[in-house]
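In what follows, a single structure is set out as structure tokens and then discussed.
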Amino acid sequence: EFRRVLFRSRMDNKRSSTTTQIRTFYSDGFSYMNLKFFNTMLSISLSKFIEKDNTGRNVYDQNAVFISVNFEQAYALYKTCQDILENKVNEVNLQIKLGNATLILARNKNGNIYDTMLSVTRDNNSAQFLFSKITQIADNNSNTIEMGLGAFYKTLDGYLTGINSEQRL
């Protein structure tokens, strides 16, 4: 019996990890966001913008600040994004803490417009991501389309749908 328990324990410690790249988003002057599946969790990493090189290309810090969220936490992000996109909330602050890492999704008024930002802090290192938007003019009325947040929301939707149906990735 002891051998079986010891063998099972060693096998549990040797489980393989699977990482699958999903999507990369860019926030000019802030960071780029890399979304990955990490086993059944969603990994969100932000690499800070450093400068533009002599050719005009963006240079980013190679040491990304990351956090991995589970299904329930991803749903909280999804629901917050949905509420923003459906104009149910104007200002919001969602904070998810996991050990030494914190993720904040916040939407605040900046002058006469609202900005939505995602921030990840880990071990006193922090990076921010500003979601992009565009103004649409239709029938002489302007409307802001939260295209970065909308794409992030659809990515969360795909993650939640995939995990819910497969229980693994």
Side-chain angles (χ1 to χ4, degrees), residues 19-38 41-53 55-96 98 101-122 125-165 169:
T19 303
T20 305
Q21 172 70 31
I22 303 171
R23 181 160 285 118
T24 302
F25 295 99
Y26 293 90
S27 177
D28 199 31
F30 285 91
S31 64
Y32 75 83
M33 180 187 342
N34 202 351
L35 299 177
K36 297 178 184 177
F37 293 122
F38 177 67
M41 298 183 75
L42 177 67
S43 174
I44 302 168
S45 66
L46 301 180
S47 296
K48 290 186 247 183
F49 171 80
I50 297 174
E51 65 184 0
K52 289 198 180 276
D53 68 11
T55 64
R57 297 184 83 194
N58 291 339
V59 177
Y60 296 94
D61 188 346
Q62 295 301 307
N63 298 314
V65 183
F66 70 93
I67 191 168
S68 294
V69 297
N70 63 25
F71 187 85
E72 292 85 1
Q73 294 156 336
Y75 180 78
L77 283 169
Y78 169 85
K79 182 66 174 130
T80 303
C81 291
Q82 184 180 52
D83 289 347
I84 292 169
L85 293 166
E86 293 177 356
N87 295 315
K88 291 181 180 177
V89 297
N90 288 323
E91 295 189 26
V92 67
N93 187 312
L94 172 71
Q95 190 172 108
I96 297 172
L98 292 163
T102 304
L103 178 145
I104 299 172
L105 178 63
R107 184 171 195 240
N108 297 299
K109 196 163 191 169
N110 182 7
N112 62 350
I113 60 170
Y114 288 95
D115 286 335
T116 305
M117 293 193 78
L118 186 129
S119 172
V120 175
T121 302
R122 180 182 207 89
N125 190 11
S126 183
Q128 292 75 39
F129 185 91
L130 176 66
F131 288 99
S132 60
K133 55 187 170 280
I134 193 167
T135 301
Q136 172 194 53
I137 306 293
D139 299 326
N140 293 323
N141 294 317
S142 66
N143 181 38
T144 300
I145 298 173
E146 299 266 359
M147 56 189 188
L149 186 65
F152 181 68
Y153 167 77
K154 292 303 284 180
T155 304
L156 289 170
D157 183 50
Y159 162 78
L160 292 168
T161 302
I163 288 294
N164 196 37
S165 65
L169 293 172

*Sorted by first residue and then second, give each salt bridge (Lys or Arg N to Asp or Glu O under 4.0 Å) pair with at least one member in residues 21-37; sequence neighbours left out.*
D28-K52
*Excluding sequence neighbours, so at least two apart, what forms side-chain contact (heavy atoms from CB on, under 4.5 Å) with T80?*
I84, V92, L94, L105
*Above 12 or not: heavy atoms from other molecules or residues under 6.0 Å from CD of E91?*
yes
_Pairwise side-chain contact, S47 with S31, heavy-atom cut-off 4.5 Å (strictly under)_ = no
*In plain terms, say whether D115 and K109 are close enough for a salt bridge, that is, a side-chain N and a carboxylate O under 4.0 Å apart.*
no
*Could you tell me the separation between the CG atom of L77 and the CZ atom of F152, rounded to the nearest 0.5 Å?*
5.0 Å
*With the side chain counted from C-beta on, respond yes when Q73 and L98 share a heavy-atom pair under 4.5 Å apart, and no when they do not.*
yes
*Hey, could you give me the CD1/CD distance between I104 and Q95, rounded to the nearest 0.5 Å?*
4.5 Å
*Can you tell me how far the OG atom of S45 sits from the CG atom of L35, to the nearest 0.5 Å?*
7.5 Å
*Parallel, tilted or perpendicular: which describes the rings of Y75 and Y78, with under 30° parallel and over 60° perpendicular?*
tilted
*Distance, nearest 0.5 Å, that separates OG1 of T24 from CG of N34*: 4.0 Å
*asked:* Restricting to side-chain contact (heavy atoms from CB on, under 4.5 Å), what partner residues turn up for N112, sequence neighbours left out?
replied: none
_I'd like to check M117 versus N108 (side-chain heavy atoms, cut-off strictly below 4.5 Å). Are they in contact?_
no
*Has I134 got more than 12 heavy atoms of other residues, nucleotides or ligands less than 6.0 Å from its CD1?*
no
_Under the ring pair (Phe, Tyr, Trp, His ring centres under 6.0 Å) test, residues paired with Y32 that sit two or more places apart_ = Y26, Y60
*If we ignore angles and hydrogens, is there a donor and acceptor under 3.5 Å between the side chains of N125 and K48?*
yes
_Taking atom OH as the centre, does Y114 end up with more than 12 heavy-atom neighbours from other residues, nucleotides or ligands that are less than 6.0 angstrom away?_
yes
_Under the salt bridge (Lys or Arg N to Asp or Glu O under 4.0 Å) definition, can you give me all pairs with a residue in residues 58-71, not counting sequence neighbours?_
none
*Less than 4.5 Å apart, any side-chain heavy atom of R57 and any of E51?*
no
*Expected output: side-chain R122 to main-chain F66 donor-acceptor under 3.5 Å*: yes
*Among pairs that include at least one residue of residues 138-152, which meet salt bridge (Lys or Arg N to Asp or Glu O under 4.0 Å), considering only residues two or more places apart or in two chains?*
R107-E146
